[in-house]
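Convention: sequence-line order gives letters A, B, ...; per-chain numbering from 1. The basis for the numbers below is simple: all heavy atoms, side chains too, and nothing from hydrogens, waters or symmetry mates.
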There are 2 protein chains.
Amino acid sequence: MTTPVPRVRREEVRRRLLDAAAEVFAERGYEAARLDEIAHAAGFTKGAVYSNFAGKPALLAALIEQQARKQLLVGAVEVRAQNRPGAVLDHLAEVVAREIVEQSTWSRLHVEIAQRAAHDPEVRETYVDVRRSLRDQLATTLAAGCARLGVELTVPAEQLALTLQALRLGLALEHGTDPEQVDRATVTSVVASTLRGVLRGHTQSTVDPWRDSA
Amino acid sequence: MTTPVPRVRREEVRRRLLDAAAEVFAERGYEAARLDEIAHAAGFTKGAVYSNFAGKPALLAALIEQQARKQLLVGAVEVRAQNRPGAVLDHLAEVVAREIVEQSTWSRLHVEIAQRAAHDPEVRETYVDVRRSLRDQLATTLAAGCARLGVELTVPAEQLALTLQALRLGLALEHGTDPEQVDRATVTSVVASTLRGVLRGHTQSTVDPWRDSA
DNA sequence: AGTATTCAATACCTATGAGTATCGTACCGG
DNA sequence: CCGGTACGATACTCATAGGTATTGAATACT
């Protein structure tokens, strides 16, 4: 009677569920997110969730793991690609700003995870590990990049790395609440000027100055 | 038989409930926070909550209102108190760091509110208003302070204000998740160096340099 | 003092959503 | 072609927590 509908591969199901979970967690927040909604957003039902994950916390854990692999703070690699110091600076600022504004789902998810980590010790443990290693990696890359370009940092690379991480989270939050005033150009300016402040050398920028968009 | 126990004044009940709500919201997050727990933390029961507030959302709204009055970002006034540019800078950094580390309840509540504002349009509206006006006020104060001290800002005051707001939120989040590595001295350093970066003039600092506390 | 009113405590209702148990069907080995 | 298994859909349980109705005691009013 009914022609058999080919089943989706398990791996694919898992992937879609994670994507949907990222979306819904970012949109509603972890607590307010409903497993039914996540499942339906992925095109499945709750049964699929429980056959792929142990439960709601495990779903979040898997997301953190996945985000860790995709590297919560991209842009480190970008530093290597440029040659002129000024360009590196502007480019990095633009990359961060683009991430915050255009991939707002991930940014909001990131904030959500951080917030969740502040509450739940279990989440915190894994999150802090990821966070620290990314910070170290970012610091190393920044230091190496600066050395290669002949610019000098006025602060330790680790401190700059932390500053960038914190600024990224904070700006994501500001943009999430007030995207009109905290727009992409503004975010770019903030990051660029912050970076410029800790560099010594020829670092003139081509980024547009502050624009009031009220 | 039983000697009448004097009743607590209504205003006082409201105050205690708000304090308790701030604590619990900060600790558990808005969604995970239970009204019973809040009431109990204040020394009352749920009945007290509903006779003083319309419900859970109204409780949060009242908190936002209260926090707005207490000024989410203190420190602006502190700028006026100092005379030497370097001292102003360090002092401001220390004030911010102290707020984040010692009054972590409020900082975490603040992040929670911001996060909540990103989700709930109703919350967003009032929050953005508060946030913008505080930003403006901070920018004005900073500009005035710099002018008075004869130091020059390399970026518009509004941009610096946003940077500080974002950095404060971000550092609160980082400290909330990793208080060991993101300790008070580190926070102070980050804020101080960020400020120093956007100032032109004699702004030598006396703040301790980066210390690795891993 | 006696009565009315305020307002928090208590008991209750009800919707919700995480988790579970079972079922049905597509895939796979024989 | 035919069981067996994997795995997602479906139907259910059950604890929880926001919200409401009622009660009872302390204050205010006359």
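For the residue pair A:R131/B:Q181, the side-chain donor-acceptor check at 3.5 Å is not satisfied. There is a side-chain donor-acceptor pair under 3.5 Å between B:S193 and A:Q159.
With a 6.0 Å cutoff to the six-membered ring centre and a 45° limit on the axis angle, A:K56 does not count as a cation-pi contact of A:F25.
For the pair B:N52 and C:dC7, the criterion of a side-chain N or O lying under 4.0 Å from OP1 or OP2 is not met. For the OP1/OP2 pair of D:dT27 and a distance below 4.0 Å, the side-chain nitrogens and oxygens of B:R10 include no atom meeting the criterion.
Around atom CD of B:E102, more than 12 heavy atoms belonging to other residues, nucleotides or ligands sit under 6.0 Å away.
In this structure, the CD atom of A:E12 is 19 Å from the P atom of C:dA26, given to the nearest Å. Whole-Å rounding puts the A:L59 CG to C:dG19 C1' distance at 14 Å. When the C1' atom of C:dC7 is taken as reference, atom CD of B:E11 falls 16 Å away, rounded to whole Å. Protein atom CZ of A:R16 is 11 Å distant from nucleotide atom P of D:dG8, rounded to whole Å. For the pair B:Y50 OH and D:dT22 C1', the computed distance is 16 Å after rounding to whole Å. One interatomic measurement links the two molecules: CD of B:E31 to P of D:dT16, which rounds to 18 Å at whole-angstrom precision. Between the CZ atom of A:R14 and the C1' atom of D:dA6 there is a distance of 16 Å, given to the nearest Å. Taking atom CZ of A:F53 as the reference point, atom P of C:dG19 lies 14 Å away to the nearest angstrom.
Screening A:I64, A:T126, A:V130 for a side-chain contact (heavy atoms from CB on, under 4.5 Å) with A:I113, the sole residue that qualifies is A:I64. Between B:V155 and the choices B:V198, B:L162, B:T163, the side-chain contact (heavy atoms from CB on, under 4.5 Å) rule is met once, by B:V198.
Of the residues in residues 34-49 of chain B, B:R34, B:L35, B:K46 come within less than 4.0 Å of DNA chain D through at least one heavy atom, sorted by number.
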